[in-house]
Visitor: 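Have a look at this one.
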Protein chains: 2
Amino acid sequence: MQTHFTIDCVIYSFNEGKLQLLLTERNVYPYKDWWALPGFFAQKDEEMEDAVKRILYEHTGLKDIFMEQLGAFAGVKRHPEGRILTVAFSTIVKYEDVKSKIKPMTSYMRQAKWFAIDQLPDLAFDHAQIVQQSLQKLKHTINYSTAVYELLPEKFTLTQLQQVYEAILGKTLDKRNFRKKIANAGFLKELPEVQKGVSYRAARLYKFDKRKFQKQINAM
Amino acid sequence: MQTHFTIDCVIYSFNEGKLQLLLTERNVYPYKDWWALPGFFAQKDEEMEDAVKRILYEHTGLKDIFMEQLGAFAGVKRHPEGRILTVAFSTIVKYEDVKSKIKPMTSYMRQAKWFAIDQLPDLAFDHAQIVQQSLQKLKHTINYSTAVYELLPEKFTLTQLQQVYEAILGKTLDKRNFRKKIANAGFLKELPEVQKGVSYRAARLYKFDKRKFQKQINAM
DNA sequence: TTTAATAGTGTAAAAAATACACACTATATT
DNA sequence: AATATAGTGTGTATTTTTTACACTATTAAA
């Protein structure tokens, strides 16, 4: 038996202190004119991983980004053609890296746009549920993934890092406790540099040591 | 685009102090004579959830069991027909409930059999990877799911409960600390009964209070 | 009555998580 | 030069959670 097979992408970013989600405006039925997760049909003989990469590329211009699978969602008889199975993937990208590259590459969608996670429009299909589930997972795995560091420039301040955590968790954190925890984790490298161009005391810069992080993770 | 679509089931049970996995011996190519996870093609116009239920029923005789999705696994060009996408689900069933009901219901498989998790044979396709991933997830979610209680009779002793935990986690636990934790969790109900028919001090019986459990979970 | 087998119990120490407030510093403005 | 502004950076006490560890109690069978 065969089924229609699509990929949907939950693509996060971080801007203006908020977690952002990339959505596309559909130009075809069903759900014409609705906002939806970037997604397409996989092509014949295209491996799932390749399809994901392709769709991410077509929507963001990004390559070589790791996307994590969220799971399969069965089509709720949404198409006259029969069952549609979609596999959802998620990733996190730097806002600046993507900003200028986003443009509609097919006539199936009219535009692509970032939305703050707490100001999403109504979504097509069961996409609201997919986003919900993805966000839940992100909150749980935030401490065990490199995700947050994908959102920051190579050199960043602890305050910036904390803001990302807060945006994802949707709550404020205590500065001292946060720093204690981060220091304890031990995979940030303190740099001999500080912020430039700020009109207040310049903050120390740090960078993420992926090797040390992996060691910690493997030891669990 | 369409793809072949199968469901594979990771079905756990508990017997002789060990976590058990249900496998089927294939009677068709490819991987004829290999052991594999119980699985089939979904039928045309069959919803994914229904397919899962059907396959579980055909292999175990069980109905109305909740199965949790593990994820989609793309076919590694294993069939000449092209891509196969399988969605893996897992569940846990009581050994006694299933023991007698297991029998091959299709000619695609020769027999179904339980294997201790630490004594699995080589598996067909990428099933070893699926099992691996499923087990990992089970270890992580053991404290937040009702899974372990599915493995026990309605009334059980704390030692039995600990044995299930140990079988799943693959390590021994300290008796006093384990009991402290369980008592603390507060969703076990102490019964005014003890074990019968043992030739040593009879242990107190407990039962699982699903309502209290749900309350705790929701409060997180 | 003794033996064999498992049930059942407490406490101290260490580690982790939480709550909480103020002085410091770089810059811009007057 | 003085001052306002805005964000940086830090320590300690308390509570909670986790870990380590060993003996007495109960029952049935011999």
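Owing to the predicted nature of the structure, the values given are computational and were not obtained by experimental measurement. Letters A, B, ... mirror the listed sequences (proteins, then strands); counts begin at 1.
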Visitor: For Asn184(A) and dA16(C), what is the distance between atoms CG and P respectively, to the nearest whole Å?
Guide: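 For the pair Asn184(A) CG and dA16(C) P, the rounded distance is 7 Å.
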Visitor: Taking CZ from Arg204(A) and P from dC24(C), how many angstroms apart are they, rounded to a whole number?
Guide: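 After rounding, the gap between these two atoms is 18 Å.
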Visitor: Polar atom pairs between nucleotides 11-13 of chain D and protein, under 3.5 Å, N or O only, would you list them?
Guide:
residue	atom	partner	partner atom	Å
dT12(D)	O4	Lys180(A)	NZ	2.9

Visitor: Given the structure, check if the side chain of Arg201(A) and the base of dA26(C) hold any donor-acceptor pair shorter than 3.5 Å.
Guide: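 In this structure, the two groups form no donor-acceptor pair.
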Visitor: Between Lys113(A) and Glu25(A), does any side-chain N to carboxylate O distance fall below 4.0 Å?
Guide: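 Result for this pair is no, no salt bridge flagged.
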Visitor: Please examine the side chains of Asn143(B) and Tyr165(B), heavy atoms only from C-beta on, and report whether any two atoms are closer than 4.5 Å.
Guide: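 Side chain of Tyr165(B) against side chain of Asn143(B), heavy atoms only: contact under 4.5 Å found.
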Visitor: Determine the contact category for Thr159(B): base if any of its heavy atoms lies under 4.0 Å from a base atom, sugar-phosphate if only primed atoms, P, OP1 or OP2 are that close, otherwise nothing.
Guide: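 Sugar-phosphate, backbone atoms only, no base.
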Visitor: With the side chain of Ala203(B) defined as its heavy atoms from C-beta on, choose the nearest nucleotide among dA28(C), dG8(C), dA6(D).
Guide: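 Nearest to the side chain of Ala203(B) among the choices is dG8(C).
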Visitor: How are the rings of Tyr149(B) and Phe208(B) set relative to one another: parallel (under 30°), tilted (30 to 60°) or perpendicular (over 60°)?
Guide: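 The rings of Tyr149(B) and Phe208(B) lie parallel, inter-plane angle below 30°.
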Visitor: What is the ring orientation for His127(B) with Phe125(B), classed by angle as parallel under 30°, tilted 30 to 60°, or perpendicular over 60°?
Guide: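 Tilted.
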Visitor: Between C1' on dG8(C) and CD1 on Ile182(B), what's the gap in Å once rounded to a whole number?
Guide: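 Between C1' of dG8(C) and CD1 of Ile182(B): 15 Å.
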Visitor: Tell me the interatomic distance from Gln162(A), atom CD, to dG9(D), atom P, rounded to whole angstroms.
Guide: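 Checked: the CD to P distance equals 12 Å.
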Visitor: DNA chain C: Lys181(A) or Val198(A), which has the more 5' nearest nucleotide?
Guide: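 Closer to the 5' end of DNA chain C: Lys181(A).
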Visitor: Are any of the side-chain heavy atoms of Phe66(B) and Asp64(B) separated by less than 4.5 Å?
Guide: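 With C-beta onward as the side chain, the pair stays apart.
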Visitor: Between Ser199(A) and Gln160(A), just flag the one whose closest nucleotide in DNA chain D comes earlier from the 5' side.
Guide: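 In this pair, the answer is Ser199(A).
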Visitor: For Arg179(B), report the nucleic acid contact type (base, sugar-phosphate, nothing); a contact means any heavy atom under 4.0 Å.
Guide: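 Arg179(B): base contact, heavy atoms under 4.0 Å.
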Visitor: How close or far is atom P of dG9(D) from atom CZ of Phe178(A), stated in whole angstroms?
Guide: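 So the two atoms are 13 Å apart, to the nearest Å.
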Visitor: If I take atom CG in residue Asn143(A) and atom P in nucleotide dA16(C), what distance separates them, rounded to the nearest angstrom?
Guide: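 Between P of dA16(C) and CG of Asn143(A): 14 Å.
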Visitor: Using atom CZ of Phe156(B) as one end and atom P of dT6(C) as the other, report the distance to the nearest whole Å.
Guide: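 About 20 Å, once rounded to whole Å.
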Visitor: With the side chain counted from C-beta on, respond yes when Val52(B) and Thr91(B) share a heavy-atom pair under 4.5 Å apart, and no when they do not.
Guide: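 A side-chain contact is absent here, since even the closest heavy-atom pair is not under 4.5 Å.
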Visitor: Rounded to the Å, how far apart are Lys175(A) NZ and dT18(C) P?
Guide: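 Those two atoms, NZ and P, are 19 Å apart.
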Visitor: Do Arg54(A) and Glu58(A) meet the salt-bridge criterion of a basic N to acidic O distance under 4.0 Å?
Guide: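 Looking at Arg54(A) together with Glu58(A), the answer is yes, because their closest N to O distance falls below 4.0 Å.
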